[in-house]
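None of these values were measured; they are calculated from a predicted model.
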Amino acid sequence: MPGLAVTKAAALCAAMAFVAAMGPASASPAAAPSSAAAQAVAQPAKDTVLVDCSSKPQVRPADFILACGDGNSRLASLRWTHWDADSAKARGVNWVNDCDPYCAAGTFHSYRVVVRLDQPQDWNKDPQQQRYGRMTLTFPGDRPERLARTVTYSLWN
């Protein structure tokens, strides 16, 4: 029985949150723009996005998982110096598991990295949205022993 009470309470809270988000019933809709120019101002262009492992669009993420299957490579502490419709650039850290003796028992190591995104293209999930299609990582100092100084990846769609 206590589980049923918790379920009912959770459902009631969710319903109340939904009603609160909808606003008062007497609220009138916003007036429509009177011209095409006003419409263009009201709807700014969408940023080109970086699609993550969960197929969620990201703009200037602070962290990003590269190895979606096992999480053994991720970008962290990203500081974006550039982000526009054609390309983006950041500096951060690439945390990589050495998988020694095997990945579950491996050790994560950090490497300074410069990240560049480019090749914008339509996103299959939302064709009106552009997403970056390629990521290039450049390691200015130490790097994972199995990787070249610069590596390029095609990004998922």
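Annotation: salt bridge (Lys or Arg N to Asp or Glu O under 4.0 Å) contacts of D126 (sequence neighbours excluded): K46. The side-chain hydrogen bond (donor to acceptor under 3.5 Å, both in side chains) search around T152 returns T136, not counting sequence neighbours. Remark: R131 pairs with Q121, N157 by the side-chain hydrogen bond (donor to acceptor under 3.5 Å, both in side chains) rule, at least two apart or across chains. Under the side-chain contact (heavy atoms from CB on, under 4.5 Å) criterion, V93 pairs with W95, S110, not counting sequence neighbours. Residues satisfying the side-chain contact (heavy atoms from CB on, under 4.5 Å) test with T81, not counting sequence neighbours, are K89. For H82, the side-chain hydrogen bond (donor to acceptor under 3.5 Å, both in side chains) partners at least two apart in sequence or on another chain are D84, S87. Every residue two or more places apart in sequence or in another chain that forms a side-chain hydrogen bond (donor to acceptor under 3.5 Å, both in side chains) with D118 is listed here: R134.
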### Criterion side-chain contact (heavy atoms from CB on, under 4.5 Å) on D122 and Q130, from CA distance to verdict
CA-CA 5 Å; D122 291 344; Q130 290 283 294; 2.4 Å; yes
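Annotation: disulfide bond (SG atoms under 2.5 Å apart) contacts involving residues 86-144, sequence neighbours excluded, comprise C99-C103. Screening residues 100-136 for ring pair (Phe, Tyr, Trp, His ring centres under 6.0 Å), with sequence neighbours left out, gives W83-Y132. Judged as a disulfide bond (SG atoms under 2.5 Å apart), not a single pair has a partner in residues 110-157 (not counting sequence neighbours).
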Tell me which donor-acceptor pairs under 3.5 Å the side chains of residues 144-151 have, and how far apart each pair is, sequence neighbours excluded?
from, atom 1, to, atom 2, distance (Å)
R149, NH1, F139, O, 2.8
R149, NH1, G141, O, 2.5

Please list every donor-acceptor pair under 3.5 Å in which a side-chain atom of residues 58-70 meets a protein atom from a residue at least two apart or in another chain.
from, atom 1, to, atom 2, distance (Å)
Q58, NE2, D52, OD2, 3.1
D63, OD1, S77, N, 3.4
D70, OD1, N72, N, 3.0
D70, OD1, N72, ND2, 3.4
D70, OD2, N72, ND2, 2.9

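Annotation for D98 and G106: closest pair OD1-CA, 3.5 Å, computed over non-hydrogen atoms.
With a 4.5 Å cut-off on side-chain heavy atoms, S55 and K125 count as touching. L78 places none of its side-chain heavy atoms less than 4.5 Å from the side chain of R91.
Here CZ of R143 is found 13.0 Å from CG of N94. Values are rounded to the nearest 0.5 Å. One finds the CG atom of L155 at 9.0 Å from the CD atom of Q119 (value rounded to the nearest 0.5 Å). Note: D86 CG to L117 CG = 12.0 Å, rounded to the nearest 0.5 Å.
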